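In what follows, chains are A, B, ... by sequence order, proteins preceding strands, each numbered from 1. In this text the structure is predicted, and so the values were computed from the model without any measurement.
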Amino acid sequence: MFNETPPLQPIRPRSQFHIVDEEQVRQLANGTLEVLSDTGVHCPSEKCLRIYADHGAQVDFDRQIVRIAPDLVSSSLSQAPRYYTMGARSPSHDIALDGTAMFCATDGCGIETIDFLTRERRPSCKEDIAKMARMADHLTSIGFYWPIVSAVDHPSTSPLHELDASFNNTVKHVQSETVMGEELGRYAVEMARVIAGDEETMRKRPPLSLLVCCIAPLGQDKEGMESALLFAKAGLPVGFMSMANAGTTGPASLAGTVVAGDAEIVSALVLIQMACPGAPVFHSFMPGIMHPRTGGYLATTWEGTLLYPIGVEMAHYWGVPSLAGIFATDGQVPGWQTGGDAASSLMLCALAGAETGSGLGLVESCTLLYPEEIVMDSDIYHRVRLEAAGLDTSREALALDVIKETGPRGMFLKHRHTREHLKRRQYSDLTAQTDRLNQLRDPLEVAREKANMILETHHPQPLEAAQQAEITRILAAADREIGGQR
Amino acid sequence: MSEELLKAMAQSIIDGESEIAADLARQAIEAGLDPLTAISKGFVEGVNQVGDSFACGDVFLPELVMAGEAMKAAIAVLEPELKKRGAAREVLGKVVLATVEGDIHEIGKSLVGTMLTASGFEVFDLGVNVPADQILAKAEEVKADIIGLSALLTTTMVRQKEIIEAMDARGMRNRTKVMIGGAPVTSDWVEKIKADGYSEDAIGAVNAAKLLLDAPA
């Protein structure tokens, strides 16, 4: 027996806004072009350097520096699709990145877990990924799944074990941020082919995508770039993320950090379009601001949240979809800080027109998994979803007849219109829960119960037996071949 | 025929259709159906079903209030007929309800009245901004089992205390219990002014009233 996966509830903003105006976006983009042309980026991959050189970029093979002229940036990126679909195991959960909706993913790559039963803090493991995939499968706020923590118990081939745990426990699209290098990449693409069923479906409705982190400032990761090339050739979407830290790996001025981070991302997007014209790609800007004493990367800052929607604007300027920074928090436990960070970043990015975003479920700067945090983040997600959707001002919703009929000092509770419309109001199942005395309950406690309830009861449709066997075979081969070497 | 009529009565309450409920009550009288049977086997069945659905979380406050209003509409038609026949419906208790003097907040108090009526209490709702003397006089007149005092303001809740003291002075406390309610009312306040019961909301008020009168919950 398995449970149906509930339909997705993406955020569909009624209107979009611009946090920077057109002239400012042009200034920032011109900055990116100037940096790419004059300074260039560091690319440690011989294979990538050759692609750049073959397509007209100025490559210094000794210093591994690539300079890209503005025209070459424009002509390369003009081939990237603005809209495309990320497939899911179940077609009804495909994600259409068509500019009308925003889909969100869990956070990923955490390294520790508050144990589901003992509540003790411990290193994360593959089973955590499987459990949270089931949780993500149930939550309508989650459009696609990032393996939420690392499979620390499978050190050599953890990225593939993370995919195994994900594909087996959710019908939704899976996005990896850990499959780095050609070796792992080949196995991952093979897994995606098994999930899709055939080559054509994999290209049309890719069930797997990849996010590669650049190395700020102005650097690319060899393994990440080569993995991205493999994915792109297979028709799987790839995105590039800058985590420039204002003050250390980015200028301390925010606009400067945008330019430096954007240049990293754009240089990588250009490479993919040179190698695979028309390949689906996305842009992701998730900067931090340096802690003035420790130099650490701060996700929770007063000004940092402003940068996420600007990243979305830059993605759109370059003509590609965005993966927005949302839900990132330095909060140590679920609560005030995590909630505040989540609400403002998600609202800004949704209204800026972000197609995707990630980050539900982890605290402590995206490193620690609290099982109930994803439920709390989902609650904020739905609040933003409804706020962004705007107001129904139809004749029926204006309720003029009802207001007139009820009149001064009357009571709407008795009216049929109230009965019908109250059913359409959507309430939080965390903050609006009452106890036996009709007192409001502690939302944190309710979130824990809900998380436990989902884990106990939700078991999504499993992979077909043949697919399961094939994934297991691929994984065993990888463990044998890669595991032995590492 | 009467079986169908009784079912329709229950359904009119479930649907919260006051006009239909009143029509059915008139039909019952015309058909010579015993008004007490109409209430207990017809309309009350509907109230019970809505109450159960509310308790299970299947319906919300508007359904409950609409059911209460429909019940009131039916009773209003049947009550005169009962009197004509020299009969009286069985009520769980008599409740005199008012928002205290100086306070004009009505909704919570009216909601409590609707819920109590729908649950089988006879309610005398005196309205808002009601002086203490008027409340006590009415309670004595109808031999009230309970006086329900609502106050939404911290400046008017002190009237609840004064009314209780007046009841003490008149020796009414043995005969009549006092329930208080309103946003600022807490269990500490209940204890301080020596009220008999209170509730945070209308549904709780019904249970509190039943408890005070040892009626089955």
(request) Tell me, for Ile104(B) versus chain A, whether the close heavy atoms (under 4.5 Å) come from the side chain, the backbone, both or neither. (result) both
(request) Considering only heavy atoms, give the residues of residues 371-380 of chain A separated from chain B by less than 4.5 Å, sorted numerically, with 'none' for an empty result. (result) none
(message) Any carboxylate oxygen within less than 4.0 angstrom of a Lys/Arg side-chain nitrogen, looking at Arg416(A) and Glu19(B)?
(response) no
(request) Only pairs at least two apart or in different chains count here, so list each salt bridge (charged side-chain N to carboxylate O under 4.0 Å, His left out) that has a residue in residues 106-120 of chain B. (result) Glu106(B)-Lys109(B), Lys109(B)-Asp125(B)
(request) Tell me yes or no: between the side chains of Arg383(A) and Gln426(A), is some donor less than 3.5 Å from an acceptor? (result) no
(request) Indicate whether the side chain of Thr140(A) and that of His382(A) have a donor and an acceptor atom separated by less than 3.5 Å. (result) yes
(message) Any donor-acceptor pair under 3.5 Å linking the side-chain atoms of His415(A) with those of Glu405(A)?
(response) yes
(request) Decide, yes or no, whether a salt bridge links Asp23(B) with Arg26(B) under the criterion of side-chain N to carboxylate O below 4.0 Å. (result) yes
(request) May I ask you to check if Lys423(A) and Phe60(B) form a cation-pi contact, with NZ or CZ under 6.0 angstrom from the six-membered ring centre and within 45° of the axis? (result) no
(request) Using only heavy-atom distances, determine whether the side chains of Glu456(A) and Asn452(A) contain a donor-acceptor pair under 3.5 Å. (result) no
(message) Could you report the tightest heavy-atom contact between Thr338(A) and Val363(A), atom names first, then the distance?
(response) CG2-CG1, 3.7 Å
(request) Give me the contact list for residues 179-190 of chain B versus chain A, heavy atoms only, anything under 4.5 Å, ordered by residue number. (result) none
(message) Does any backbone or side-chain atom of Leu422(A) lie under 4.5 Å from a heavy atom of chain B? Answer side chain, backbone, both or neither.
(response) side chain
(request) Provide the full list of salt bridge (charged side-chain N to carboxylate O under 4.0 Å, His left out) pairs with a residue in residues 91-104 of chain B, sequence neighbours left out, each pair given once. (result) none
